[in-house]
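These notes concern the structure reproduced below.
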Amino acid sequence: MQYTLKRSKRKSLSLSVTPELEVIVRAPLKASAKSIEAFVAGHTGWVEQTLAKMAQKTAPRHRFACENGDVVYLLGQQLVLEVRPGADVKVEQRRLVVGESGQLGHIEAFFRQKALDFLTERTREWAEKTGKAPTGVKITGAKTRWGSCSSRGSICYSWRLICLPEALIDSVVVHELCHLKLWEAGHSAAFYAEIARYLPDYNQRREQLRQFQWLLTL
């Protein structure tokens with residue numbers, strides 16, 4: 001996790017997130033680097049949740065009413081909605097063709113199927129690299145997180161994940177597989193070290209992922 005460290009004559013460690021989404025760690029003058037890293041690692045979940053909530057509040061409001069000219073994302077590419085009476089939902093030359101305006105249910109079904117096909121295959125590919133395969137892959141309507149895993153070994157992805165660029169999708173897939181591999185519900189230094197074995201630039205991808213957090217609210 002990237003953060004700004006500020007030392008002062010204080011007795012304890014603290015964490016805060018600024019309106020600019022900067023993580024600030026305040027520490028005593030004599031606090032060791034090891035103790036600071038352990039403190040940050042123990043609060044990673046809180047920081048990520050706080051950043052996500054603040055990003056949603058500051059993100060521009062996007063309208064999505066399934067009308068001509070609306071913009072949606074598929075694998076990071078912008079698609080402009082085109083209403084074509086009687087047509088099935090399909091992608092055609094950077095356009096998402098829909099049969100009627102306002103058919104959000106049909107579009108969601110289309111994206112869910114795309115997500116299931118793509119994420120099932122992507123998870124299989126990364127499972128071969130990490131040495132840990134899930135017991136199953138499910139697509140959900142989750143609006144607070146991109147992915148999650150269960151103690152039974154299954155992985156759930158929000159169908160909205162299919163909107164993101166492939167590199168960011170991979171960061172979520174590898175994140176969940178590493179949870180299963182270590183079976184660690186939290187986010188310790190060891191957990192992130194395991195992710196870095198497969199994605200050395202994971203921190204940069206995670207920062208980019210936050211820029212798309214507003215998609216979960218649609």
Side-chain angles (χ1 to χ4, degrees), residues 1-3 21-23 41 44-45 47-56 58-60 62 64 71-80 91 93-96 108 110-134 137-149 154-182 184 187-218:
M1 177 190 301
Q2 296 182 349
Y3 59 85
L21 304 183
E22 180 182 9
V23 179
T44 300
V47 172
E48 291 183 340
Q49 290 177 6
T50 302
L51 286 169
K53 290 178 181 178
M54 295 182 71
Q56 289 180 16
T58 59
H62 293 260
F64 185 50
V71 174
V72 296
Y73 291 80
L74 181 62
L75 294 175
Q77 298 294 316
Q78 287 190 352
L79 301 176
V80 178
V91 176
Q93 297 180 342
R94 292 189 176 273
R95 293 183 175 274
L96 182 64
E108 181 176 328
F110 173 82
F111 274 72
R112 279 178 176 267
Q113 188 59 53
K114 288 286 186 182
L116 179 61
D117 294 342
F118 185 87
L119 292 169
T120 299
E121 178 59 22
R122 204 64 153 200
T123 301
R124 184 193 64 77
E125 293 173 358
W126 277 108
E128 292 180 353
K129 297 175 183 178
T130 62
K132 183 63 179 181
V137 171
K138 298 179 181 179
I139 304 301
T140 73
K143 301 183 73 172
T144 59
R145 58 176 63 184
W146 298 110
S148 61
C149 59
S154 65
I155 294 178
C156 292
Y157 298 112
S158 170
W159 66 262
R160 295 165 178 83
L161 185 58
I162 197 63
C163 299
L164 305 186
E166 293 185 26
L168 301 188
I169 291 176
D170 284 347
S171 71
V172 175
V173 172
V174 173
H175 182 109
E176 299 306 330
L177 286 173
C178 286
H179 269 308
L180 293 181
K181 185 173 183 179
L182 299 180
E184 181 174 334
H187 298 86
S188 66
F191 171 74
Y192 284 114
E194 183 67 17
I195 294 178
R197 289 181 57 195
Y198 311 104
L199 298 177
D201 62 343
Y202 177 73
N203 286 335
Q204 289 83 358
R205 297 193 196 204
R206 187 168 57 173
E207 291 297 324
Q208 294 171 18
L209 188 62
R210 293 192 180 110
Q211 299 174 19
F212 289 88
Q213 199 72 23
W214 59 269
L215 280 170
L216 281 172
T217 67
L218 295 180

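Start at 1 with the first residue, then count along the sequence.
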I need the [X] [atom1] to [Y] [atom2] distance, nearest 0.5 Å.
| X | Y | atom1 | atom2 | value |
| --- | --- | --- | --- | --- |
| L79 | L74 | CG | CG | 5.5 Å |
| R160 | Y73 | CZ | OH | 15.5 Å |
| L209 | E48 | CG | CD | 9.0 Å |
| C149 | H179 | SG | NE2 | 5.5 Å |
| S158 | L119 | OG | CG | 9.5 Å |
| K138 | S148 | NZ | OG | 10.0 Å |

Subject >> Criterion side chain to side chain contact (heavy atoms under 4.5 Å, CB included) on S171 and W146, from CA distance to verdict >> reply: CA-CA 10 Å; S171 71; W146 298 110; over 6 Å; no

Original post:
Does a donor on one side chain sit under 3.5 Å from an acceptor on the other, for T123 and Y157?
Top reply: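 Their side chains do contain a donor-acceptor pair, which is all the 3.5 Å distance test asks for.
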
Original post:
For E207 and N203, does a side-chain donor sit closer than 3.5 Å to a side-chain acceptor?
Top reply: no

**OP:** List the steps and the verdict of side chain to side chain contact (heavy atoms under 4.5 Å, CB included) for V91 and F110.
**Re:** CA-CA 10 Å; V91 176; F110 173 82; 3.8 Å; yes

Is [Y] close to [X] at the side-chain level, that is, under 4.5 Å between some pair of heavy atoms?
| X | Y | answer |
| --- | --- | --- |
| F191 | T44 | no |
| L199 | W126 | yes |
| I169 | L75 | yes |
| V80 | L96 | no |
| Y202 | H175 | yes |

Original post:
With a cut-off of 6.0 Å (strictly less than), are more than 12 heavy atoms of other residues, nucleotides or ligands near CD of E128?
Top reply: yes

**OP:** Give a yes or no on whether R112 atom CZ has more than 12 heavy-atom contacts from other residues, nucleotides or ligands under 6.0 Å away.
**Re:**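 Atom CZ in R112 is packed in, count exceeds 12.
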
Grab the two heavy atoms, one from [X] and one from [Y], that are nearest each other, plus how far apart they are.
| X | Y | result |
| --- | --- | --- |
| A127 | P134 | CB-CD, 4.4 Å |
| L177 | K132 | CD2-O, 3.3 Å |
| C178 | E194 | SG-CG, 3.7 Å |
| I155 | E176 | CD1-CB, 3.8 Å |

Subject >> I139 and T120: CA distance, side-chain angles, deciding distance, side chain to side chain contact (heavy atoms under 4.5 Å, CB included) verdict >> reply: CA-CA 10 Å; I139 304 301; T120 299; over 6 Å; no

**OP:** Considering only NZ, NE, NH1 and NH2 on the basic side and carboxylate oxygens on the acidic side, decide whether K129 and E125 come within less than 4.0 Å.
**Re:** no

